[in-house]
Amino acid sequence: MKKKGQRVDGWLVLDKPLGISSAKAVAITRRLFDAAKVGHGGTLDPLATGILPIAFGEATKTVAWAMAGRKAYRVRARFGEARDTDDGEGQVIETSTVRPSDEAIRAALPRFTGRIEQVPPDYSAIKVNGQRAYKLARADQPVVLAARPVDIYRLELLDPPPSEVGADWADLAVECGKGTYIRALVRDLARELGSVAYVERLRRTKVGPFTENQAISLEYLEGLDHSPARLEHLLPVETALDDIPALAVTEEEAGRLLHGQTLAVLRTGIRDTVPSGDSGLVLRAMLNRRLVALVRIDGGIIRSVRVINP
């Protein structure tokens, strides 16, 4: 049976448009690149836009590291209504006449900064007794989700554009860690302010090393009339690993790692480049400028975690 698609390796920083799911966006890019293997780094809801890093081929082996990086968002909280989905797609379940002032919002933000406890939205992909929470919610089944710690590194009230000044909403800039739900953050902030709110607009501006400056729109990609032109917009596989220290290896050492063999930390050429006493440390094994593998130090032994095929 003929293999479907061709080998394509690298990262595409897609600017996901409004109104389509992440899965749909990935399917479209897979077709445009005729790629055999594809994945993505962090789901965006259909009503959200912005950075959706898409991994092709060997880059799919680095998705977990891309998703573990910090994420940044711009979000508009619409006060006065609570919705069952905590965003504009849901049904109104509660209303409030309270419209918090800018001063009140700014005063409340420090209470939602740092390591906080957050209960995910009922309409989320978290599993409850083996079923997705959103499926239970849609079926009017009870959803009980436990609070969990998340990291909010930055939370700032933004000034409204002069042409869009209004008292019913607030624009926020958020930088957060893995697992944070912006919908839950808006929901909880409004409750703290004695009101209710939902996410009216959401744009992701950063995922780990991937930023808006690198982003390519679907419309632009579709306008390119052949695959080589699209391939020019791919970033190297190792782009998602910028924050991981590099370990220089020789050609012989690279061959051992590629074949699943281990290396001793004290081997010549390695002992001087590996930090001592860092058991569990993950490194990028690099042969010159080529990524060979992600490796972990374990009891004086270096072993491959993910091998990147040449």
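Values in this document were obtained by computation on a predicted structure and should not be read as measured data. Just so you know, these numbers use all the heavy atoms, side chains as well, and skip hydrogens, waters and symmetry mates.
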| request: Starting at CD of E253, measure out to CG of L287 and round the result to the nearest 0.5 Å. | output: 9.5 Å
| Is the number of heavy atoms from other residues, nucleotides or ligands under 6.0 Å of E219 CD greater than 12? | no
| With sequence neighbours excluded, residues passing ring pair (Phe, Tyr, Trp, His ring centres under 6.0 Å) with F79 | none
| Tell me, do L235 and Q214 make a side-chain contact under 4.5 Å, heavy atoms counted? | yes
| query | Under 4.0 Å between a Lys/Arg side-chain N and an Asp/Glu carboxylate O for D168 and R99? | reply | yes
| Do NZ/NE/NH1/NH2 and the carboxylate oxygens of R154 and E175 come within less than 4.0 Å? | no
| field | Check: K71 and T180 side chains under 4.5 Å, non-hydrogen atoms | value | no
| task | Answer yes or no: does atom OH of Y220 have more than 12 heavy-atom neighbours from other residues, nucleotides or ligands under 6.0 Å? | result | no
| Hey, what else clusters with I126 if you join Ile, Leu, Val, Met, Phe, Trp, Tyr whenever side-chain heavy atoms sit under 4.5 Å? | V119, V128, L136, V143, L145, Y181
| query | Do NZ/NE/NH1/NH2 and the carboxylate oxygens of E212 and R203 come within less than 4.0 Å? | reply | yes
| message | So that I can tick it off, tell me whether R191 and E94 are bridged by a salt bridge, with the cut-off set at under 4.0 angstrom between side-chain N and carboxylate O. | response | yes
| Quick one: side-chain contact (heavy atoms from CB on, under 4.5 Å) partners of K61, sequence neighbours excluded? | E58, R306, I308, N309
| said: Between R230 and E232, does any side-chain N to carboxylate O distance fall below 4.0 Å? | reply: no
| Below 4.0 angstrom, N of the basic side chain to O of the carboxylate: do D45 and R183 qualify? | yes
| query | Less than 4.0 Å between a side-chain N and a carboxylate O, is that true for D242 and R284? | reply | no
| field | Residue from R201, R76, R74 passing salt bridge (Lys or Arg N to Asp or Glu O under 4.0 Å) with D171 | value | R76
| query | Do R187 and D122 meet the salt-bridge criterion of a basic N to acidic O distance under 4.0 Å? | reply | no
| task | State, yes or no, whether a side-chain contact exists between L157 and L172 at a heavy-atom distance under 4.5 Å. | result | yes
